[in-house]
Each structure stands twice: as C-alpha cells, then as structure tokens.
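Here the structure is laid out as structure tokens; the discussion comes afterwards.
It should be emphasised that the depicted structure is a prediction, and the values quoted were computed from it without experimental measurement.
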Amino acid sequence: METLNSLMTANNSLSPFWLWTFFGIAVVILLAADLFWFNRKNEEPHFWHTLWICIAYIAAALLFGIFVWIEDGPEKGMDYYTGYLLEKSLSMDNIFVMSMIFASLGVPKMYQHRVLFWGIIGALIMRGILIGIGDALVVKFHWVLYLFSAFLIYTGVKMLLTKEEETGNIKDSKIYKIVSKFFHVTHEIHGERFFHKQNGKHYITPLFFALLIIETMDVVFALDSIPAIFLVTTDVYIVYTSNIFAILGLRALYFLLAAIISKFAYLKPAISIILIFIGVKIFLPKLGITIHEWQSLTVTLGLLTGGILLSLFKKAPNAGK
C-alpha cells in the first residue's frame, strides 16, 4: 500500500490555475506556429524542414519539463520526463498506422499535414476526456491502479511475444464498411477539402476518412498509454502535459520517420519491456524494492536508446548490399 499511497498523494493538491494557463498558452503558440509558420502551404514536406520542426517541438517539451522541475520540484520534473518519453515511444505505433492509412486511401503527402493537424486537435480533446475519466476512477477507486498494472503487464508481454503481421488494406476494414453505409464516400481527392458536393449530394473525401480513422485509432492507442502514465504519476497536470507535448510533435515525427519506422526492429521489444517495468513497479515495494523517480526515468531512457541503437547496428552489416 505504500507505493499506492505515494501515487495517490499527487491527487490531494491540484496544480494552481496559472500553471494550467501557462500550459494552455504554450500549446496555443505551438499550434499557431504549426499552422501559420511551419506549414503555411500545401506542399510535400522536405526532410530538413521537417527535422527542424521536430527539433523545435522536442526542445519545447524539454523546456517545459525544466519549468515543471523549477515550479513543482525535481520529483515532478522527472515524472514529467518519464511520462513524455513513455508517451513518445508509444506513439511510434501511431506513425506506422498513419502511414498505412494514407497509403491505403491514396492521400498525397502534400495534404497529409492538414489531416494530421486536425487529428492532433481531436487528440488533444479526446486525451483530455480520457485522462479526466482515468483520474476520476483513480480518485474514487484507488485499487484501479492495480488493474492498470495488470493490463500493462499483459500488453507488454503480448507485444513482446506477438510477431509483426502485415497490415491489410484499410478499405477492407470494418470501420470503412460501416462509415460507407451511412455516408456517401468518394475515392477521389478534391484538393485539401474534407467534403465534396456533387449532383446535390455531400461526399466524404479520402482526407476526412483518413482523419476519422486516425482519431479512432488514437482512442485505441490511448487505452495503453493513459494507464501507463497513471502508473508513473497520478498528478493530472503531469499526466496531461506530458501526453499533449508528446502528441504535439507527432505530425513532424511522422513525416520524419514514416519511411524508416519499420527498420527499427528492436524498438517495439524495448517499448514492451518498458510497459512491463511500469506495470510491475507498483508491486515491487511488497518485495522490499523501492523504485525512485530518477530510476524510472533512467530505465525508460536507457531501454529506448538501447532499442534504437540495436536496430541501427542490426542494419549496419547489410548497409553495403
């Protein structure tokens, strides 16, 4: 119960309103920069342009972590960084799925950033709702953290043991068939438009369909990521800010990694072990083992770095072929 009580302590004092205001202003500035500066035109993203945007988002997230560290103390700061790394690593699956969705629906790269921008706006809202639900459950039924732990261990083991399977065409999926029954769907691209009117009928374009599926998948992925972050900390401010900063840079990260994400063969096993570690951590005090915030951060960062480096070294022998 000692670890459970320490996790619950964060809920006893909500962050001041001005901290939420500062975070809100930071998010609005980043979204405005993304819409009106980083991606002003519908054009295919260039590597160096995308790289600098990705660096800018990561820098903003790290600077915000320093702000949390100064205002709330080093323990909260380390919780924020652990949560950010955890959410960022779990978003790698989103990148693969988004790539598959765009390829299946034939959405050109020059319009993909529009879909992802509105997808991120939707994710900000949905994550807020899901985190609110998670917080209410933890406050009222504190034992739900043990359920989160068991679910996370199960997910991590399943990811570790399940072989990668080739994903089918999105047009054969159930969600595509269900939406097609209720709405007129056009398979043609009509510029950057989400809807198209023809012969008096309104049609959903592939861009809106991609947006709809991406939003649905984000909810699915959140069922893994939100229990994971609640096992790092139950401070809603840390949970939400680390989640959102990880999501904000997802669009730039997608354009940077979409073509090579499948090459990181050891990244998924590393993420699996992180999930198992986070899930097991709550039970360790019963064995007389205490895991501190800096240790959680070190393990998370070490496993992610190790997974990336191992993947790169694995590819090296075939580089000349």
Margin query: When you measure from the side chain of T305 to the backbone of G302, do you find a donor-acceptor pair of N or O atoms at a distance under 3.5 Å?
Written below: no

Note to self: Walk me through whether L207 and V107 qualify under side chain to side chain contact (heavy atoms under 4.5 Å, CB included).
What the structure shows: CA-CA 7 Å; L207 269 69; V107 178; 4.1 Å; yes

Next item on the list: Determine whether L124 and L31 make a side-chain contact, defined as any pair of heavy atoms from C-beta on separated by less than 4.5 Å.
Entry: yes

Check: Does V28 share a hydrophobic cluster with F22, counting links as ILVMFWY side-chain heavy atoms below 4.5 Å and allowing steps through other members?
Finding: no

Note to self: Once rounded to the nearest 0.5 Å, what's the spacing between atom CG of L63 and atom CD1 of I58?
What the structure shows: 12.0 Å

Item checked: Partner residues of I25 under the side chain to side chain contact (heavy atoms under 4.5 Å, CB included) criterion, sequence neighbours left out -> T21, I29

Notebook entry, point to check: Within a strict 4.5 Å, meaning less than it, do heavy atoms of the E75 and T233 side chains meet?
Noted result: no

Item checked: From CD (Q112) to CG (L116), nearest 0.5 Å -> 7.0 Å

Item checked: Heavy-atom pair of closest approach, residues L303 and A270 -> O-CB, 3.4 Å

Next item on the list: State which residue, out of I131, D135, L137, fulfils the side chain to side chain contact (heavy atoms under 4.5 Å, CB included) condition with I133.
Entry: L137

Checklist line | Reported CD1-to-NE2 distance for the pair I53 and H113, which is rounded to 0.5 angstrom | finding: 10.0 Å

Checklist line | L304 vs I271 side-chain heavy atoms within contact, under 4.5 Å | finding: yes

Margin query: The criterion is side chain to side chain contact (heavy atoms under 4.5 Å, CB included); which residues satisfy it with T241, sequence neighbours excluded?
Written below: F23, F64, Y80, Y237

Notebook entry, point to check: If we only count heavy atoms from C-beta on, is the V280 to S149 side-chain gap below 4.5 Å?
Noted result: no

Margin query: Using side-chain heavy atoms (C-beta onward) and a distance below 4.5 Å, is Y154 in contact with I276?
Written below: no

Notebook entry, point to check: Which distance, rounded to the nearest 0.5 Å, do you find between the CG of L130 and the CG of N243?
Noted result: 9.5 Å

Next item on the list: Give, for atom CD1 of I120 and atom CD1 of I244, the distance between the pair rounded to the nearest 0.5 Å.
Entry: 10.0 Å

Check: Taking all non-hydrogen atoms of both residues, which atom of F102 and which atom of A210 are closest, and how far apart?
Finding: CE2-CB, 3.9 Å

Notebook entry, point to check: How close do S242 and Y84 get, heavy atom to heavy atom, and via which atoms?
Noted result: CB-N, 3.6 Å

Check: Does any non-hydrogen side-chain atom of K76 lie less than 4.5 Å from one of D235?
Finding: yes

Note to self: Measuring only between side-chain heavy atoms, which start at C-beta, is L30 closer than 4.5 Å to V27?
What the structure shows: no

Next item on the list: Evaluate side chain to side chain contact (heavy atoms under 4.5 Å, CB included) for E87 paired with I247, printing each intermediate quantity in order.
Entry: CA-CA 8 Å; E87 297 300 323; I247 291 172; over 6 Å; no

Check: So do Y81 and V232 actually touch side chain to side chain, heavy atoms under 4.5 Å?
Finding: no

Check: So which heavy atom on Y240 is nearest to which on R127, and how close?
Finding: CE1-C, 4.2 Å

Check: Just how far is it from atom CD1 of I55 to atom CG of L62, taken to the nearest 0.5 Å?
Finding: 11.5 Å

Next item on the list: Using the side chain to side chain contact (heavy atoms under 4.5 Å, CB included) rule, take L19 and D72 through it: C-alpha gap first, then chi angles, then the decisive distance, then the call.
Entry: CA-CA 10 Å; L19 287 178; D72 280 348; 4.2 Å; yes

Check: Yes or no on side chain to side chain contact (heavy atoms under 4.5 Å, CB included) for L275 and I153, after CA distance, side-chain angles and deciding distance?
Finding: CA-CA 6 Å; L275 291 179; I153 295 169; over 6 Å; no

